[in-house]
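Data first, discussion second: the structure below is written as structure tokens.
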Amino acid sequence: MKKFVLSRENSQPAQYSIPYEELLNEAQLRAVMADTGPVLLVAGAGTGKTRTLIYRVARLVESGVDPSEILLLTFTRRAAQEMLRRASQILDERCQRVEGGTFHHYCSKLLHRHAMHIGYPENFTIIDAADAQDTINLLRNRLVTSKSGKRFPKKSTLYSIISSAVNKQITVRNVVEEEYPQFIAHTGLIEQLDGQYREHKHANFVMDFDDLLVHTRNLLKQNNDVRIKISVMHRYVLVDEYQDTNALQADLTALFSSVHGNVMAVGDDAQSIYSFRGADHKNMMRFPDLFKETKIIKLEENYRSTKRILYLANRVLKQARDKFEKTLYTNNEEGDLPGLVKSANMNDQSRFITQMILNLREQSYELKDIAVLFRNGRDSFDLEVMLNRKNIPYVKYGGQKFTEAAHIKDVLAHLRVLINPKDLISWNRVLILIDGIGPKTAEDLFMWGQVGGNPFMPSEAPNTSEKYLTQLKELGKLFAKLKLLDGSVSEQLQAVVDYYAIFCKKRFDDHPKRMKDLETFIDISGTYRSLESMIEEIALDPIESTAYDTEATQNDESPLILSTIHSAKGLEWSTVFLIQCLDGILPSGYAIDDEEQLDEEVRLLYVAVTRAKDQLFLTYPALFQSRYGDYFTNPSRFIEDIPDSYLEPWLLVEEKVNHIEEGIDQKKLRS
């Protein structure tokens with residue numbers, strides 16, 4: 001049989017308006033211009049990964065690809081929105097029509113559209129981790145009645161076990177045996193609780209974050225016509241931060257791209273630091289096996305750090321076992337050697353950092369360009385005392401998010417039950433605010449509303465006590481008002497806040513600050529198109545900041561940054577201090593006997609080191625003070641054998657003169 005190949009009418013080389021060859025280095029250009037088939041972009045720290053993705057989107061659109069056929073999956077919605085905004089700036093507004101967001105957000109969108117296939121109604125609601133733990137706790141209290149004296153896991157531990165099993169695609173029993181051997185005796189009950197939790201969510205039309213991935217994976221695997229329909233829509237699939245995907249997300253990546261096979265995974269295996277969330281850096285290593293004929297492109301030219309900081313970063317990374325081989329390099333200046341600062345104790349460590357910060361500030365560095373990083377939130381407590389004493393404003397990242405605060409969750413609970421009256425946990429939160437109502441009464445009222453009663457008129461329930469009847473009537477009036485205000489998110493939120501004000505005042509000593517948060521929340525709510533979208537988007541992408549973060553620094557300069565290393569990933573500062581570089585902290589004592597966990601601790605140090613642009617200091621105290629006593633320390637095993645030519649020792653010398661001298665020698669600090 002003879003063949004005749006029909007050439008495309010537009011087969012001539014595309015004429016681009018953007019001068020890609022002038023704006024990108026060779027490796028970036030290869031990634032941006034890659035045509036069809038799977039591509040793995042191994043992007044080292046500071047090598048312009050985001051820039052490459054942005055130009056990749058612009059180039060595809062400029063080549064004539066319909067923007068709606070491009071799926072861009074990132075780990076925060078803000079990241080996707082920012083990328084598409086920048087792509088629009090360099091090309092045009094067509095880029096805003098690209099389908100972009102997180103795995104969870106996109107899966108939620110698909111599940112609402114295809115709810116009938118999974119046995120859920122379209123108006124199912126999403127519960128966050130805190131609500132999931134409360135649900136598990138409710139079921140735990142029903143199940144665990146034994147007074148044998150054996151310790152049963154807390155709700156947070158149970159949630160971690162169940163979630164870990166889902167994300168790693170292993171059994172609950174395996175998780176308990178491998179990660180929580182102290183609870184092996186309770187394995188049977190934990191498995192039973194896991195089953196009850198799944199049944200409860202289905203019966204009450206709610207899903208947790210893990211369900212969004214599981215149900216979407218099952219939807220596509222069990223309904224071939226749906227999979228083909230969805231995959232045909234995805235002519236090009238781009239996945240950012242692929243090193244942080246879990247087993248489910250790797251499956252979904254393959255399913256989303258199963259028709260065209262045009263998938264680009266972008267990430268850095270050396271920055272995979274979220275195994276506690278189920279992330280598996282080996283997904284990157286397996287990518288070429290999962291997607292045959294994968295093109296591997298490495299970005300190694302760093303645009304962030306000085307040469308000497310990169311020498312140290314490369315030296316640190318050599319200690320990792322399982323990795324793609326790469327070496328970061330730069331055309332930036334040589335820069336100062338990173339400093340290794342050993343202090344006598346934690347107080348001297350804090351003195352060094354505060355005095356160094358003040359000295360840098362006198363050299364015209366802004367506080368917002370300086371960051372202090374640490375392994376755990378508690379590692380900065382001593383430093384925070386010193387910063388407050390020196391009146392140095394700071395903001396700390398790695399703590400509670402705005403929408404995780406109790407007063408915000410209380411208000412949201414009233415709106416959640418309006419959308420889904422079967423949401424037991426939100427009803428429980430709403431009802432126990434009322435004086436005299438405890439968990440048992442709240443559950444009785446909920447059950448009455450589910451079996452024929454009007455859930456929005458709880459005062460009509462039989463045998464209602466006089467002591468809380470009046471308050472229940474007020475709650476009923478609130479729901480009637482909310483229904484009348486349907487369509488105005490801000491007005492509905494304002495009505496709940498007005499109702500909630502009396503409870504806020506009773507419950508919290510700092511209620512004025514919390515009410516200020518709620519006022520801010522009302523202002524923000526005007527940006528949401530509907531109550532349903534606000535509830536869902538807040539669950540999927542929690543708001544970060546609160547009035548507490550900003551109030552202390554009002555009318556002051558932008559604050560110094562304190563952050564856990566995990567929260568600092570993807571960010572950069574001119575000067576970085578990494579504190580408490582001790583064995584037992586970095587690496588964690590829990591990781592020392594596990595080769596895979598120890599590898600992740602190396603990657604954690606690598607992430608911290610590569611946040612610095614110009615100056616880097618690693619500090620540790622010789623004497624560690626804790627509530628269990630004082631003990632002499634060892635520096636982190638990851639830095640102990642690094643030569644002085646990579647990491648220069650600093651000596652802290654006490655000032656012997658009476659007058660204060662602020663000058664700092666390059667190797668000595670007078671403190």
Side-chain angles (χ1 to χ4, degrees), residues 10 13-25 27-36 39 41 43 46-110 113 230 232-242 253 256-257 260 262-267 297 299 303-304 524 526-530 533-534 536-538 540-545 569-572:
N10 60 348
Q15 298 298 312
Y16 297 116
S17 63
I18 299 171
Y20 297 100
E21 293 184 6
E22 298 174 20
L23 297 169
L24 303 166
N25 66 34
Q28 291 172 338
L29 186 64
R30 284 175 58 209
V32 167
M33 293 298 176
D35 192 11
T36 57
V39 178
L41 184 60
T47 57
K49 173 205 67 166
T50 301
R51 178 183 177 84
T52 305
L53 266 175
I54 290 164
Y55 277 92
R56 169 79 171 161
V57 169
R59 203 279 297 175
L60 288 173
V61 173
E62 196 171 10
S63 297
V65 177
D66 187 321
S68 66
E69 295 181 337
I70 302 171
L71 176 63
L72 172 63
L73 294 170
T74 61
F75 268 75
T76 68
R77 288 193 69 203
R78 284 185 292 279
Q81 290 166 352
E82 177 63 12
M83 285 187 200
L84 298 181
R85 183 189 66 80
R86 288 171 60 184
S88 296
Q89 286 181 335
I90 62 174
L91 183 62
D92 56 48
E93 288 303 312
R94 284 177 293 170
C95 296
Q96 292 288 0
R97 293 198 294 113
V98 168
E99 184 72 62
T102 65
F103 275 95
H104 293 90
H105 186 270
Y106 187 59
C107 287
S108 171
K109 192 173 183 177
L110 293 178
R113 191 181 301 159
I230 290 172
V232 164
M233 294 161 44
H234 304 144
R235 192 169 159 195
Y236 289 90
V237 177
L238 309 175
V239 184
D240 191 18
E241 305 287 9
Y242 194 75
T253 300
F256 290 155
S257 59
H260 292 294
N262 300 325
V263 55
M264 176 179 281
V266 183
I297 301 172
L299 301 186
Y303 295 94
R304 175 186 299 155
I524 295 171
T527 62
Y528 296 98
R529 65 182 183 276
S530 69
S533 67
M534 182 183 78
E536 182 151 316
E537 288 180 30
I538 284 173
L540 292 171
D541 195 14
I543 300 169
E544 297 280 349
S545 59
K569 186 170 169 290
L571 304 176
E572 60 183 43

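Quick note: residue numbers are just sequence positions, from 1.
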Quick one: do the [X] and [Y] side chains pair a donor with an acceptor below 3.5 Å?
{"X": "Glu62", "Y": "Tyr55", "value": "no"}
{"X": "Thr52", "Y": "Arg56", "value": "no"}
{"X": "Ser108", "Y": "Glu536", "value": "yes"}
{"X": "Tyr236", "Y": "Ser257", "value": "no"}

Does the side chain of [X] reach to within under 4.5 Å of the side chain of [Y], using non-hydrogen atoms?
{"X": "Leu24", "Y": "Arg51", "result": "yes"}
{"X": "Val39", "Y": "Val263", "result": "no"}
{"X": "Leu73", "Y": "Leu238", "result": "no"}
{"X": "Glu69", "Y": "Glu99", "result": "no"}
{"X": "Ser17", "Y": "Leu91", "result": "yes"}
{"X": "Ile70", "Y": "Arg235", "result": "no"}

Where Gly101 and Ala80 come nearest, the two heavy atoms and their spacing: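 Gly101 and Ala80 have their closest heavy atoms at N-CB, 3.6 Å.
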
Ionic contact status for Asp66 with Arg97, cut-off 4.0 Å: yes

Salt bridge Arg77-Glu82, side-chain N to carboxylate O under 4.0 Å: no

State the [atom1]-[atom2] distance between [X] and [Y], to the nearest 0.5 angstrom.
{"X": "Leu72", "Y": "Met264", "atom1": "CG", "atom2": "CE", "value": "11.5 Å"}
{"X": "Ile297", "Y": "Arg30", "atom1": "CD1", "atom2": "CZ", "value": "4.5 Å"}
{"X": "Arg85", "Y": "Cys95", "atom1": "CZ", "atom2": "SG", "value": "12.5 Å"}
{"X": "Glu22", "Y": "Leu29", "atom1": "CD", "atom2": "CG", "value": "11.0 Å"}

Flag, side chain of [X] to backbone of [Y], donor-acceptor distance under 3.5 Å:
{"X": "Arg59", "Y": "Ala34", "result": "yes"}
{"X": "Gln28", "Y": "Thr47", "result": "yes"}
{"X": "Ser63", "Y": "Val65", "result": "no"}
{"X": "Asn262", "Y": "Thr36", "result": "no"}
{"X": "Gln96", "Y": "Glu93", "result": "no"}

Tyr106 and Phe256 aromatic ring geometry - parallel, tilted or perpendicular at 30°/60° bounds: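 Because their plane-to-plane angle is over 60°, the rings of Phe256 and Tyr106 count as perpendicular.
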
Heavy-atom neighbours of Glu21 CD exceed 12 at 6.0 Å: no

Matching residue for Glu537 among Arg529, Lys109, Arg78 - test: salt bridge (Lys or Arg N to Asp or Glu O under 4.0 Å): Arg529

